[in-house]
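What follows is a set of notes on a single structure, which appears directly below.
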Number of protein chains: 2
Amino acid sequence: MNTVQNLIDILKQAGMRITPQRRAICAYLAENDNHPTAAMIYDDLKAEMPSLSLMTVYNTLNTLANLGAIHVIGQAGDDTVHYDADTEPHINVICINCQKIVDVPSEHLVEIRQDIDRQSGYRLIGSRLSFYGLCPDCQAKAESSSGH
Amino acid sequence: MNTVQNLIDILKQAGMRITPQRRAICAYLAENDNHPTAAMIYDDLKAEMPSLSLMTVYNTLNTLANLGAIHVIGQAGDDTVHYDADTEPHINVICINCQKIVDVPSEHLVEIRQDIDRQSGYRLIGSRLSFYGLCPDCQAKAESSSGH
DNA sequence: CGTATATTTATAATGATTATAAAGTAGGTA
DNA sequence: TACCTACTTTATAATCATTATAAATATACG
């Protein structure tokens, strides 16, 4: 998981200025391991920084994503893009009912990557691995509502 | 890969009517292993079926996706949703430059799935596995443009 | 401390997808 | 075979996440 300083250093090394807005967005990403959308970050930071604009959140997230500091999760069940500050290879498991996202590490990712290197001629840069299903809570709800 | 009849049978079994539009869309999906967007299918079928509306393409793709007959690929680098008629477990490798998508099978997907079953409490339904990188063509272009 | 320039902000624009309601048709039935 | 009814299609407009633009602002460096 990225630390605040880590993210800020990445921006600095890319020659970007460190503004209070960017600092706040980096702090949010480092301190929350939810998988926020731009709007979620905006709503949360608006309280402490009322002048913040949604455009700035989008800009900063896009910048960080282009630098590889965070990852983009599309297709989480709603029609908005989520971001993931954990750039270690891992799998997102997404609830199709409540959209909750959890991370699962797997040793076999290395082997998969090797398969792709061998079989496609692609020079790989990143990945996005998502499994879909019902989270424990939503399974329980489904049980109790159909059970009797 | 799904056959036309296969897709049509799935619609029938779900109690849906088999219209010429749906037949054409199923045929397109079965006969092309590109990873089309709704607009691509619409543009292609418009020639032979001028009355076709984009709304019908979206409806049919959503229906097929909800029935699990096709898969949804988000985040292909553009801001549109792509569909995949191949529902066998496999990996999409996406070019970040030209958005070309190829499929790669891997035996290790089974093991990954087992890892997730064990580590998350989720009841899994589907998956979407994407790797990003430069396809051979775009690697060549990058070479020749920066090479001298 | 002052300046050049990157950044933020507010606003409007874009464009994919979805909602709505009228017109049309599949498919069972008499 | 013709008919009827619910499901579909179509055209149109609406929605909403994201991006473009340009004026106002603030960072970083001398």
Side-chain angles (χ1 to χ4, degrees), chain A residues 7-28 35-67 70-83 99, chain B residues 7-28 35-67 70-83 99:
Chain A
L7 291 171
I8 289 176
D9 286 346
I10 291 173
L11 288 175
K12 256 189 202 152
Q13 280 159 33
M16 323 215 67
R17 291 183 181 170
I18 305 308
T19 64
Q21 291 87 344
R22 285 182 177 159
R23 204 180 287 278
I25 293 165
C26 289
Y28 181 100
H35 300 262
T37 63
M40 286 165 66
I41 298 174
Y42 174 72
D43 289 343
D44 194 275
L45 296 181
K46 190 86 191 203
E48 63 193 58
M49 185 180 278
S51 77
L52 182 67
S53 92
L54 184 52
M55 182 81 251
T56 299
V57 179
Y58 274 112
N59 279 337
T60 304
L61 291 173
N62 283 341
T63 300
L64 288 169
N66 287 333
L67 293 170
I70 62 176
H71 281 170
V72 177
I73 310 177
Q75 223 41 48
D78 45 17
D79 54 356
T80 66
V81 170
H82 293 242
Y83 295 85
Q99 271 77 52
Chain B
L7 291 171
I8 289 174
D9 286 346
I10 291 173
L11 288 174
K12 256 190 202 153
Q13 280 160 31
M16 323 218 65
R17 293 185 179 169
I18 305 308
T19 64
Q21 291 88 342
R22 285 180 177 161
R23 204 181 287 278
I25 292 165
C26 289
Y28 181 99
H35 300 265
T37 62
M40 287 166 65
I41 299 176
Y42 173 73
D43 289 341
D44 194 275
L45 296 181
K46 190 89 192 200
E48 64 192 59
M49 186 181 277
S51 77
L52 182 68
S53 92
L54 184 53
M55 182 81 250
T56 299
V57 178
Y58 275 111
N59 279 337
T60 303
L61 291 173
N62 282 342
T63 301
L64 287 169
N66 287 334
L67 293 170
I70 62 177
H71 281 170
V72 177
I73 310 177
Q75 224 41 47
D78 45 16
D79 53 355
T80 66
V81 171
H82 293 242
Y83 295 85
Q99 271 77 53

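Only this structure's heavy atoms are used, side chains among them; waters, hydrogens and symmetry mates stay out. Note on naming: letters A, B, ... go to the chains in the order of the sequence lines (proteins, then strands), and numbering restarts at 1 for each one. Source: prediction; values computed, not measured.
- Separating the CD1 atom of A:Ile18 from the P atom of D:dC29 is a distance of 11 Å, rounded to the nearest angstrom.
- As a whole-Å value, the separation of A:Leu11 CG from C:dT7 C1' is 12 Å.
- Distance check, rounded to the nearest 0.5 Å: CG of B:Asn59 to CE of B:Met16 gives 9.0 Å.
- Between the CG atom of B:Leu61 and the OH atom of B:Tyr42 there is a distance of 14.0 Å, given to the nearest 0.5 Å.
- In terms of heavy atoms, B:Ile41 sits closest to B:Pro36 at CG1-CB, 3.7 Å.
- Contact annotation: B:Thr19 reaches the phosphate of D:dT9 (side-chain N/O to OP1 or OP2, under 4.0 Å).
- Straight-line distance from the NZ atom of A:Lys12 to the P atom of C:dT7: 14 Å, rounded to whole Å.
- From B:Ile25, atom CD1 reaches atom CG of B:Asp44 across 11.5 Å, with rounding to the nearest 0.5 Å.
- Under 4.0 angstrom from either OP1 or OP2 of D:dT19 there lies no side-chain N or O belonging to A:Tyr58.
- A donor-acceptor contact under 3.5 Å links the side chain of A:Arg17 to the base of C:dT5.
- Between the side chain of A:Arg23 and the main chain of A:Ile18, no donor-acceptor pair closer than 3.5 Å is present.
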Can you name the atoms? Protein N/O to nucleotides 9-12 of chain C N/O, anything below 3.5 Å, with the distance.
{"unit_1": "C:dT9", "atom_1": "OP1", "unit_2": "A:Gln21", "atom_2": "NE2", "d": "3.2"}
{"unit_1": "C:dT9", "atom_1": "OP1", "unit_2": "A:Ser51", "atom_2": "O", "d": "2.8"}
{"unit_1": "C:dT9", "atom_1": "OP1", "unit_2": "A:Ser51", "atom_2": "OG", "d": "2.9"}
{"unit_1": "C:dT9", "atom_1": "OP1", "unit_2": "A:Leu52", "atom_2": "N", "d": "3.4"}
{"unit_1": "C:dT9", "atom_1": "OP2", "unit_2": "A:Ser53", "atom_2": "N", "d": "2.9"}
{"unit_1": "C:dT9", "atom_1": "OP2", "unit_2": "A:Thr56", "atom_2": "OG1", "d": "2.8"}
{"unit_1": "C:dT9", "atom_1": "O5'", "unit_2": "A:Ser51", "atom_2": "O", "d": "3.0"}

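- Between B:Met40 atom CE and C:dA16 atom P the separation is 13 Å, expressed in whole Å.
- Side-chain proximity of B:Met16 to D:dT8, D:dA28, D:dA17: nearest is D:dT8.
- Rounded to an integer number of Å, the gap from CG of A:Leu45 to C1' of C:dT8 is 15 Å.
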Problem set entry | Intermediate values then yes/no, side-chain contact (heavy atoms from CB on, under 4.5 Å), A:Leu45 and A:Val57 | CA-CA 10 Å; A:Leu45 296 181; A:Val57 179; 5.6 Å; no
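- Note: OH (A:Tyr83) to P (D:dA17) measures 13 Å, nearest angstrom.
- Picking from D:dT8, C:dT7, D:dA28 the nucleotide with the shortest atom distance to the side chain of A:Arg22 gives C:dT7.
- Map B:Arg23 and B:Asn62 each onto its nearest nucleotide of DNA chain C; the residue landing nearer the 5' end is B:Asn62.
- Taking atom CG of A:Leu61 as the reference point, atom C1' of D:dT18 lies 12 Å away to the nearest angstrom.
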